[in-house]
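Read the structure below first, then the notes.
So you know, we letter chains A, B, ... as the sequences are listed, proteins then strands, and number each from 1.
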Number of protein chains: 2
Amino acid sequence: MTKPKGKKEKPDKYIRILEAAIKVFAEQGFFNSTVAQIAKEAGVADGTIYLYFKSKDDILAQFFSYKTKLIFDRFIEEVNKAENAGDKLRNLIRRHFEEFQNDPDTAVVFQTERHQFHTSDIKMKDMIKMYLNIIADIIEQGQEEGSVRKDLYVGLVKRYIMGAVDEVINTWVNSGRQYDLVSMADPLVDLYLKGIGAND
Amino acid sequence: MTKPKGKKEKPDKYIRILEAAIKVFAEQGFFNSTVAQIAKEAGVADGTIYLYFKSKDDILAQFFSYKTKLIFDRFIEEVNKAENAGDKLRNLIRRHFEEFQNDPDTAVVFQTERHQFHTSDIKMKDMIKMYLNIIADIIEQGQEEGSVRKDLYVGLVKRYIMGAVDEVINTWVNSGRQYDLVSMADPLVDLYLKGIGAND
DNA sequence: ATTTATAATGAATATATATTCATTTCAACC
DNA sequence: GGTTGAAATGAATATATATTCATTATAAAT
């Protein structure tokens with residue numbers, strides 16, 4: 001029998017546990033979630049978790065690296081579709097909003113837990129650095145093109161951009177995700193480029 | 001004897017425990033900290049904590065409301081020292097950076113834990129709303145004065161400002177607080193006002 | 001059918017720690 | 001110096017839950 005009836009789900013059990021964990025974490029936060037809850041949500045025994053993950057902490061660590069890889073590839077792909085710096089920035093942020101809007105559990109866990117684990121072995125700093133680097137490259141390209149001011153402290157600018165993106169997502173998450181996040185992208189990019197000051 | 005020798009520290013035991021808790025939370029995070037550690041740091045017995053606080057959660061809740069009141073009063077005071085919107089925004093952010101730089105433990109706890117307790121009874125949303133309102137008032141004043149663009153979505157602008165402030169502080173906290181945070185205020189306000197786009 | 005290897009189970013374990021409360025200390029007053 | 005009430009103590013309790021591991025199921029191989 002080369003075609004099994006329905007009992008061949010080996011490779012995706014890892015994924016199934018991860019997805020279940022994300023759901024539980026999103027609902028209750030990492031520290032308030034129990035391994036037993038994750039197991040139940042995934043439809044496996046408690047002990048099974050430990051065949052795929054070293055510890056509860058490891059589940060969160062795996063989640064971050066797994067999702068980050070997936071998402072960042074799409075960010076870069078989307079950035080590369082554009083030619084000039086302004087469009088690249090717009091594409092990055094729009095795609096960021098799209099990804100999070102389409103995967104709200106991931107969004108919640110990212111926004112809620114990302115500030116906790118800077119000391120642990122979760123490679124949070126590396127992730128953030130990657131994101132900041134994408135932005136820095138765009139800024140520098142813009143400066144070469146002449147579309148971006150040259151008298152900028154890029155180390156500050158990239159955080160200014162990332163911070164605003166982050167807060168807009170936070171607001172959306174904490175509102176119960178009731179409105180369209182993606183529609184915030186264009187007005188936000190407009191603020192980055194033009195600022196709030198009246199053009200005299 | 002109306003002048004006790006040195007054993008009259010009643011009103012500040014509450015404060016002492018709070019400060020100790022903040023220190024412990026800053027070092028290890030709320031969930032990884034134990035009540036016993038806080039008691040030790042404060043130089044009191046474990047049980048004494050419960051004469052002043054309902055629970056471990058309550059310590060964090062008290063901290064937020066206690067510190068928030070203190071700090072926000074100073075924010076408003078500082079904003080009121082300025083006349084026009086630009087200076088008000090500058091004063092707000094500079095004072096924000098000053099407060100956090102002078103009280104690093106508070107800064108760490110704020111930045112680390114503020115994204116966790118949106119569902120709990122900690123009045124996080126109210127605190128954030130207060131801050132956003134200060135900003136919104138400044139923006140609107142700027143629009144009346146003519147120094148700020150009128151075609152702005154204020155609901156977005158205030159988050160854009162707060163988010164960037166937040167991220168700049170995060171970076172400082174996660175760097176081990178090695179550089180002068182306050183010096184970031186002016187360049188940041190410059191970005192808000194002028195944006196990154198080349199003025200054509 | 002029997003063996004073998006792998007995967008999964010879930011009850012039992014081990015530990016950690018928030019909270020309680022019976023007891024003690026303290027300071028003021030008579 | 002004895003009495004009183006409040007404040008503080010810290011050992012004991014109660015609970016929760018991450019992790020382990022002896023046992024069982026599963027599937028393939030012979």
Side-chain angles (χ1 to χ4, degrees), chain A residues 1-25 27-64 109 113 116-117 120-122, chain B residues 1-63 109 113 116-117 120-122:
Chain A
M1 217 187 268
T2 49
K3 198 216 288 173
K5 281 200 297 190
K7 275 277 180 61
K8 196 206 48 176
E9 50 211 338
K10 197 161 38 183
D12 54 19
K13 189 158 279 185
Y14 170 86
I15 302 290
R16 222 169 76 209
I17 295 172
L18 260 193
E19 304 278 6
I22 292 162
K23 192 169 172 190
V24 174
F25 291 161
E27 270 164 15
Q28 317 197 310
F30 174 76
F31 288 104
N32 294 319
S33 302
T34 69
V35 174
Q37 285 176 306
I38 296 167
K40 191 173 179 193
E41 178 71 38
V44 301
D46 296 12
T48 305
I49 305 269
Y50 290 88
L51 300 176
Y52 295 88
F53 300 91
K54 269 206 300 292
S55 64
K56 185 187 167 190
D57 282 22
D58 188 42
I59 301 175
L60 191 62
Q62 297 284 336
F63 158 72
F64 274 118
V109 176
E113 310 298 344
Q116 295 279 332
F117 299 89
S120 78
D121 52 358
I122 294 178
Chain B
M1 218 185 266
T2 49
K3 198 215 290 173
K5 279 201 297 192
K7 276 275 179 62
K8 197 206 47 175
E9 49 211 339
K10 196 161 36 181
D12 53 18
K13 189 157 280 185
Y14 170 86
I15 302 291
R16 222 169 76 209
I17 294 171
L18 259 193
E19 304 277 7
I22 292 162
K23 192 169 172 190
V24 174
F25 291 161
E27 270 164 15
Q28 318 198 309
F30 175 76
F31 288 105
N32 294 319
S33 302
T34 69
V35 174
Q37 286 176 306
I38 295 167
K40 192 174 179 193
E41 178 71 37
V44 301
D46 297 11
T48 305
I49 304 269
Y50 290 87
L51 300 176
Y52 296 87
F53 300 90
K54 269 206 301 291
S55 64
K56 184 186 168 190
D57 281 23
D58 189 42
I59 301 175
L60 191 62
Q62 297 284 337
F63 157 73
V109 176
E113 311 298 344
Q116 298 275 335
F117 299 88
S120 77
D121 52 358
I122 294 178

Measure CZ/Phe53(B) against C1'/dA18(C) and give the value in whole Å, please. 15 Å
Can you check the Asp46(A) CG to dT13(C) P distance for me, whole Å? 16 Å
Let's see if you can work this out: which of dA18(C), dA18(D), dT9(C) has an atom nearest to the side-chain heavy atoms of Tyr50(B)? dA18(C)
Would you kindly give the OH-to-C1' distance between Tyr14(B) and dA7(D), to the nearest whole Å? 18 Å
Against the side chain of Ser55(A), the closest entry in dA18(C), dT9(C), dT19(D) is dT19(D)
Check whether any side-chain N or O of Thr48(B) sits under 3.5 Å from a backbone N or O of Val44(B) as a donor-acceptor pair, and report yes or no. no
With respect to the side chain of Tyr52(B), which nucleotide from dT9(C), dA7(D), dA8(C) is positioned closest? dA7(D)
Does Lys13(A) make a side-chain N or O approach to OP1 or OP2 of dA8(C) shorter than 4.0 Å? yes
Shortest non-hydrogen pair, Lys54(B) vs Asp58(B), comes out as N-OD2, 3.0 Å
Could you state the CZ-P distance from Arg16(A) to dA7(C), rounded to the nearest angstrom? 15 Å
Does Lys56(A) reach the main-chain N or O of Ser33(A) with its side chain, forming a donor-acceptor pair under 3.5 Å? yes
Considering residues, nucleotides and ligands other than Lys23(A), do more than 12 of their heavy atoms fall under 6.0 Å from its NZ? no
Assert yes or no for the condition that the ring centre distance of Phe25(B) to Phe30(B) is strictly below 6.0 Å. yes
I need the CD1-C1' distance between Ile49(B) and dA7(D), as an integer number of Å. 14 Å
Hey, does Thr34(A) reach any base, or is it just sugar-phosphate, or nothing, if we go heavy atoms under 4.0 Å? sugar-phosphate
Could you give the CD1-to-C1' distance, from Ile17(B) to dT9(D), as a whole number of Å? 13 Å
Tell me which nucleotide among dA8(C), dA18(C), dT9(D) gets nearest to the side chain of Val35(B). dA18(C)
Atom CD of Gln28(B) and atom C1' of dT17(C) are separated, to the nearest Å, by 13 Å
Looking at the side chain of Lys56(B), which of dA8(C), dT9(C), dA18(C) is the nearest nucleotide? dA18(C)
Spacing of Phe30(B) atom CZ relative to dA18(C) atom P, expressed in whole Å: 9 Å
